[in-house]
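Protein chains get the first letters and strands the later ones, always in sequence-line order, with residue 1 at the start of each.
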Protein chains: 2
Amino acid sequence: MGRKKEISIKLTPQRLVIMEYLEGNMNHPSAADIYNAVSKKYPTMSFATVYNTLETLWEKGRLRELTIDRGKMRFDSNTKPHHHLICVQCKNITDIHRKFALKLPEGEQYNFDIIGIHVDFYGICPKCKKEKNNNVEVKKW
Amino acid sequence: MGRKKEISIKLTPQRLVIMEYLEGNMNHPSAADIYNAVSKKYPTMSFATVYNTLETLWEKGRLRELTIDRGKMRFDSNTKPHHHLICVQCKNITDIHRKFALKLPEGEQYNFDIIGIHVDFYGICPKCKKEKNNNVEVKKW
DNA sequence: TCTAAAGTAAGAATAGTTATTAATTAAAAT
DNA sequence: ATTTTAATTAATAACTATTCTTACTTTAGA
Ligand SMILES: [Mn+2]
Ligand SMILES: [Mn+2]
Ligand SMILES: [Zn+2]
Ligand SMILES: [Zn+2]
């Protein structure tokens with residue numbers, strides 16, 4: 001199942017600082033999150049380089065792209081198969097590593113070659129439950 | 001579980017033609033898909049009206065918004081709880097109505113109020129498997 | 001029928017992402 | 001160690017999807 005390709009890319013300082021930031025990062029950052037963080041360590045970093053590096057890492061199987069968040073991509077350096085718990089209010093994303101028994105129903109219309117299964121749990125996280133602006137409005141999920 | 005609110009909105013011709021297009025539509029169209037289709041029946045339709053109507057229908061619980069597709073929202077007029085089978089090549093989305101037994105692991109960090117669970121199966125659909133440009137490149141999933 | 005609140009259309013504005021290109025650089029070849 | 005070259009970077013333009021603004025129009029209730 002592991003389609004991990006050889007990681008043979010030029011090791012530029014820009015790529016190294018981005019990879020260091022992503023290593024073990026559990027926050028599922030957006031491209032802007034990554035740019036803001038790595039700019040501190042490497043001030044001439046450009047947005048294009050962040051996107052290029054993310055693309056390269058994805059191609060090499062070192063990164064997962066999440067389409068969970070409305071309007072922007074989120075990136076996941078945890079490439080082990082896992083699922084997510086998403087707070088619809090603060091958009092926090094938590095990993096769930098339990099494996100679920102999920103089988104497609106039989107049927108000709110389902111004759112897919114399956115390459116991945118993602119389970120998304122949507123809800124309100126404990127932190128958001130506590131806050132006063134709790135019931136203001138939960139928009140868009 | 002059904003938080004279906006009263007559908008009390010002004011019945012404008014624009015809304016009626018959009019609702020008619022969505023009624024029973026299994027294609028999970030984007031806003032542009034909807035605009036292109038309803039413009040034929042109602043040529044002065046504007047993009048803003050499409051977005052406004054989709055927003056209203058969503059607020060009334062008559063529409064589900066899918067974040068499955070990179071870069072653009074897809075809309076689902078089937079509001080019954082169900083899951084999806086997504087072709088990573090042609091981006092076709094098929095409904096799966098089987099209900100799966102999915103429980104969050106116990107643990108304080110998982111103390112969410114769960115409001116929805118979505119399972120996404122990713123793969124290559126039968127049609128795309130047949131086509132010659134099959135192995136050109138499967139980008140982005 | 002009258003009125004007020006709500007909705008529409010056109011287009012400007014914004015956000016996120018991708019494309020372009022000249023200059024730079026990592027790493028392979030000598 | 002130097003040269004070579006193909007890959008990478010930074011700046012910024014372009015693009016796509018979505019949201020905002022505003023003057024005008026319309027629905028639905030009084
Ligand atoms: Mn994750
Ligand atoms: Mn569906
Ligand atoms: Zn939260
Ligand atoms: Zn397909």
Side-chain angles (χ1 to χ4, degrees), chain A residues 5-21 28-60 62-76 91 137 139-141, chain B residues 5-21 28-60 62-76 91 137 139-141:
Chain A
K5 288 169 195 156
E6 274 306 310
I7 176 85
S8 56
I9 58 173
K10 276 196 190 177
L11 290 177
T12 66
Q14 292 92 337
R15 283 174 171 177
L16 288 169
V17 71
I18 291 169
M19 286 162 77
E20 185 185 16
Y21 173 75
H28 308 86
S30 65
D33 294 335
I34 295 166
Y35 172 78
N36 291 332
V38 301
S39 293
K40 299 210 179 79
K41 283 206 169 185
Y42 199 96
T44 62
M45 177 74 61
S46 84
F47 242 108
T49 297
V50 171
Y51 277 108
N52 286 341
T53 300
L54 292 171
E55 167 85 8
T56 300
L57 292 174
W58 176 82
E59 281 170 354
K60 300 293 179 184
R62 306 255 304 201
L63 196 68
R64 183 165 133 190
E65 297 182 337
L66 306 181
T67 48
I68 285 169
D69 204 345
R70 187 192 179 85
K72 69 183 160 202
M73 215 49 48
R74 303 273 293 259
F75 299 90
D76 195 338
K91 302 293 164 62
E137 51 175 351
K139 297 273 296 177
K140 304 289 176 199
W141 67 278
Chain B
K5 289 168 195 157
E6 274 306 310
I7 175 86
S8 56
I9 58 174
K10 279 195 189 178
L11 290 176
T12 67
Q14 292 91 339
R15 284 173 170 177
L16 288 168
V17 71
I18 291 169
M19 288 163 77
E20 185 186 16
Y21 173 75
H28 308 87
S30 66
D33 293 335
I34 296 165
Y35 173 77
N36 292 333
V38 300
S39 292
K40 298 208 180 82
K41 283 206 168 184
Y42 198 95
T44 63
M45 177 74 62
S46 84
F47 243 109
T49 296
V50 170
Y51 277 107
N52 287 340
T53 300
L54 292 171
E55 166 85 7
T56 300
L57 292 174
W58 175 81
E59 280 169 355
K60 299 294 179 184
R62 305 256 306 202
L63 196 68
R64 183 165 134 191
E65 297 181 337
L66 306 181
T67 50
I68 285 169
D69 204 344
R70 188 194 179 82
K72 71 184 159 200
M73 213 51 48
R74 303 274 293 259
F75 299 89
D76 195 339
K91 301 293 164 61
E137 50 175 352
K139 299 272 295 175
K140 304 288 176 203
W141 66 280

Nearest 0.5 Å, what's the CD1-OH distance between A:Ile18 and A:Tyr51? 12.0 Å
When you check the phosphate oxygens OP1 and OP2 of D:dT19, does a side-chain N or O of A:Arg70 lie under 4.0 Å from one of them? yes
Rounded to whole Å, NZ of B:Lys72 lies from C1' of C:dT17 at a distance of 14 Å
CD of B:Glu55 versus P of C:dT8: gap in Å, rounded? 13 Å
Decide yes or no for A:Gln14 and A:Thr53: does some side-chain heavy atom of the first lie under 4.5 Å from some side-chain heavy atom of the second? no
Contact under 4.0 Å: A:Gln14 side-chain N or O vs C:dT25 OP1/OP2: no
Can you check whether A:Lys10's main-chain N or O pairs, donor with acceptor, with A:Arg15's side chain at less than 3.5 Å? yes
Are any protein N/O atoms closer than 3.5 Å to N/O atoms in nucleotides 23-30 of chain D? If there are, list each pair with its distance.
from, atom 1, to, atom 2, distance (Å)
D:dT27, O2, B:Lys10, NZ, 2.9
D:dA28, OP1, B:Leu11, N, 2.8

Please answer whether the main-chain N or O of A:Asp76 pairs with a side-chain N or O of A:Arg64 as donor and acceptor at a distance below 3.5 Å. no
Would you mind reading off the distance between B:Asp69 atom CG and D:dT16 atom P, rounded to a whole angstrom? 15 Å
When the distance from CG of A:Asn36 to P of C:dA15 is rounded to whole Å, what number comes out? 14 Å
Have a look at A:Ala32 and say if it touches a base, only the backbone sugar-phosphate, or nothing, with a 4.0 Å heavy-atom cut-off. nothing
Kindly say whether A:Thr67 contributes a backbone atom to a donor-acceptor pair with the side chain of B:Thr67 at under 3.5 angstrom? yes
Mind checking if A:Tyr42 touches a base, just sugar-phosphate, or nothing, with heavy atoms under 4.0 Å? sugar-phosphate
Within a strict 4.5 Å, meaning less than it, do heavy atoms of the A:Tyr42 and A:Thr44 side chains meet? yes
Gap between atoms CE and C1', on B:Met73 and C:dT17 respectively (whole Å): 14 Å
For DNA chain D, the residues among residues 43-53 of chain B that have a non-hydrogen atom under 4.0 Å from it: B:Ala48, B:Tyr51
What are the two closest heavy atoms between B:Leu54 and B:Leu63, and how far apart are they? CD2-CD2, 3.5 Å
To the nearest angstrom, the CH2-P distance between A:Trp58 and C:dT17 comes to 15 Å
For A:Val38, the option from A:Met19, A:Met45, A:Glu20 that meets side chain to side chain contact (heavy atoms under 4.5 Å, CB included): A:Met45
Counting only N and O atoms by type, is there a donor-acceptor contact under 3.5 Å from the side chain of B:Arg74 to the main-chain atoms of B:His28? yes
Could you state the CZ-P distance from A:Arg74 to C:dG16, rounded to the nearest angstrom? 12 Å
Quickly work out the A:Asp33 CG to C:dT17 C1' distance and round it to whole Å. 15 Å
